[in-house]
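The model shown is predicted, which means the values in this text are computed figures rather than measured ones. So you know, we letter chains A, B, ... as the sequences are listed, proteins then strands, and number each from 1.
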There are 2 protein chains.
Amino acid sequence: MTDLSIGRLATLSGVKVPTIRYYESIGMLDAPPRSPGGQRRYDDDHLEQLRFIRHGRELGFGLDDLRALQDLSARPDRPCEEADGIARKQLAEVERRIAGLEAVRRELERMVERCSHGVVDECRVIQTLSDHHLCAGDHAPDHQTALRDT
Amino acid sequence: MTDLSIGRLATLSGVKVPTIRYYESIGMLDAPPRSPGGQRRYDDDHLEQLRFIRHGRELGFGLDDLRALQDLSARPDRPCEEADGIARKQLAEVERRIAGLEAVRRELERMVERCSHGVVDECRVIQTLSDHHLCAGDHAPDHQTALRDT
DNA sequence: CCTAATTGCTATAGCGACTAGAGGTTCAAG
DNA sequence: CTTGAACCTCTAGTCGCTATAGCAATTAGG
Ligand SMILES: [Zn+2]
Ligand SMILES: [Zn+2]
Ligand SMILES: [Zn+2]
Ligand SMILES: [Zn+2]
């Protein structure tokens, strides 16, 4: 209806142009009709769909989960058990990551605070990396808990 | 000295065999001598080096930072400013991620709690994803703050 | 109507830090 | 000496994008 170019859709949704095309390529976003010259022309439904995806990404859902949630929202009469389950799973995951990061934060704080800022050989940062026994607690108890990313 | 196979090194260090080979391939871990048949033979220095890397990874440092920290620890007479700087940068990054995840956690909690578990059309989870105005605060204020990963 | 600037198109490769698999070789125990 | 576990290299896949190259279409101004 509104006939949006991909750039306009990007502006309105807050999702970058290449990302929009990427979403289409993996089947996350419906492929829109094209102009006579082959350019994508979106409507308000696409905008809504894209905002849904963006919001979900901001809340940390993976694209697979968002696909499932999208599918569910297209069937409004069904019970919402599955949607709630996905959200609870996501919450648990976020809590797990926070716990891991908190443990890491405490250790980083400790090593930064305790360094007397002399030479490398006496540097608490380097010493701690060389020897986990200088750590106060257990960060990352399971192998590879929680970091990286933007 | 101790002549460790890659499997033994993996066990002792807690780093998986393919990851050890990967580290060597990108120059993170010194390439060890080989047995007559071409298999890797490590010593205690390799083990120490690998534990350093692993500990650093657990604390969330990127491999680039760890390379820099490794280089520094090889020059014990230099001032530790740079090492401390890397650690403080990492601490700031971790704090940033925690803040982002906390915001996300609050919203996820909110949507899960408020759902009355009826049909999808009335599901607070789906509704919230469709409309950020149902959120209480601002999660992910800058574009793309902080999730994913194990 | 014509031109120039902007925006759009496809296709491919790269990021970080691994992980998985195929298909073959070496080693160590019995 | 035989067997089977552990090792080797190489390639491709993961996740969610982002960047680049080399074009084509659109749009605003004159
Ligand atoms: Zn220091
Ligand atoms: Zn530690
Ligand atoms: Zn619900
Ligand atoms: Zn929101």
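- Each of A/Pro18 and A/Gly38 was matched to the nucleotide of DNA chain D holding its nearest heavy atom; the match closer to the 5' end belongs to A/Pro18.
- Per the geometry, CG belonging to A/Leu4 stands 16 Å off C1' belonging to D/dT26, to the nearest Å.
- Per the geometry, CD1 belonging to B/Ile20 stands 17 Å off P belonging to C/dA17, to the nearest Å.
- Using a 4.0 Å cut-off, no side-chain N or O of B/Arg40 falls inside it from OP1 or OP2 of C/dT26.
- As rounded to whole Å, 15 Å separates atom C1' of D/dC10 from atom CD of B/Glu24.
- Residue B/Ser35 places no side-chain N or O under 4.0 Å from the OP1 or OP2 atom of C/dT26.
- A/Arg21 comes within 4.0 angstrom of a nucleotide base, judged by non-hydrogen atoms across all strands.
- The pair B/Arg51-B/Glu48 does not count as a salt bridge, with every side-chain nitrogen at least 4.0 angstrom from each carboxylate oxygen.
- OP1 and OP2 of C/dC18 both lie 4.0 Å or more from every side-chain N or O belonging to B/Lys16.
- The interatomic distance linking B/Phe61 (CZ) with C/dC18 (P) rounds to 15 Å, in whole Å.
- Relative ring orientation between A/His139 and B/His55 is described as parallel, the plane-to-plane angle staying below 30° on a 0-90° scale split at 30° and 60°.
- The residues B/Glu107 and B/Arg110 are annotated as salt-bridged, a charged nitrogen and a carboxylate oxygen being separated by less than 4.0 angstrom.
- Spacing between atom CD of B/Glu93 and atom P of C/dG16 amounts to 14 Å, rounded to whole angstrom units.
- If you measure from atom CE of B/Met28 to atom P of C/dA17, you get 9 Å, rounded to the nearest angstrom.
- Distances shown here put a side-chain N or O of A/Ser5 below 4.0 Å from the OP1 or OP2 atom of C/dG8.
- OP1 or OP2 of C/dT26 has not a single side-chain nitrogen or oxygen of B/Arg34 nearer than 4.0 Å.
- Side-chain N/O atoms of B/Thr19 include none lying less than 4.0 angstrom from OP1 or OP2 on C/dA17.
- The phosphate of D/dC17 (OP1 or OP2) has a side-chain N or O of A/Tyr23 nearer than 4.0 angstrom.
- Comparing A/Ile6 and B/Asp64 by the nucleotide of DNA chain C that holds the closest heavy atom to each, the one mapping nearer the 5' end is A/Ile6.
- B/Gln39 places its CD atom 10 Å from the C1' atom of C/dA28, with the value rounded to the nearest Å.
- The residues A/Glu24 and A/Arg40 are annotated as salt-bridged, a charged nitrogen and a carboxylate oxygen being separated by less than 4.0 angstrom.
- Comment: B/Lys89 engages B/Asp65 in a salt bridge, judged by a side-chain N to carboxylate O separation of less than 4.0 angstrom.
- Within the 4.0 angstrom heavy-atom criterion, only backbone atoms of the sugar-phosphate kind lie near A/Leu63; the bases stay farther away.
- Atom P of nucleotide D/dA12 and atom OH of B/Tyr22 are separated by 17 Å, given to the nearest angstrom.
- The side chain of B/Val17 sits closest to D/dC7 out of D/dC7, C/dC18, D/dG16.
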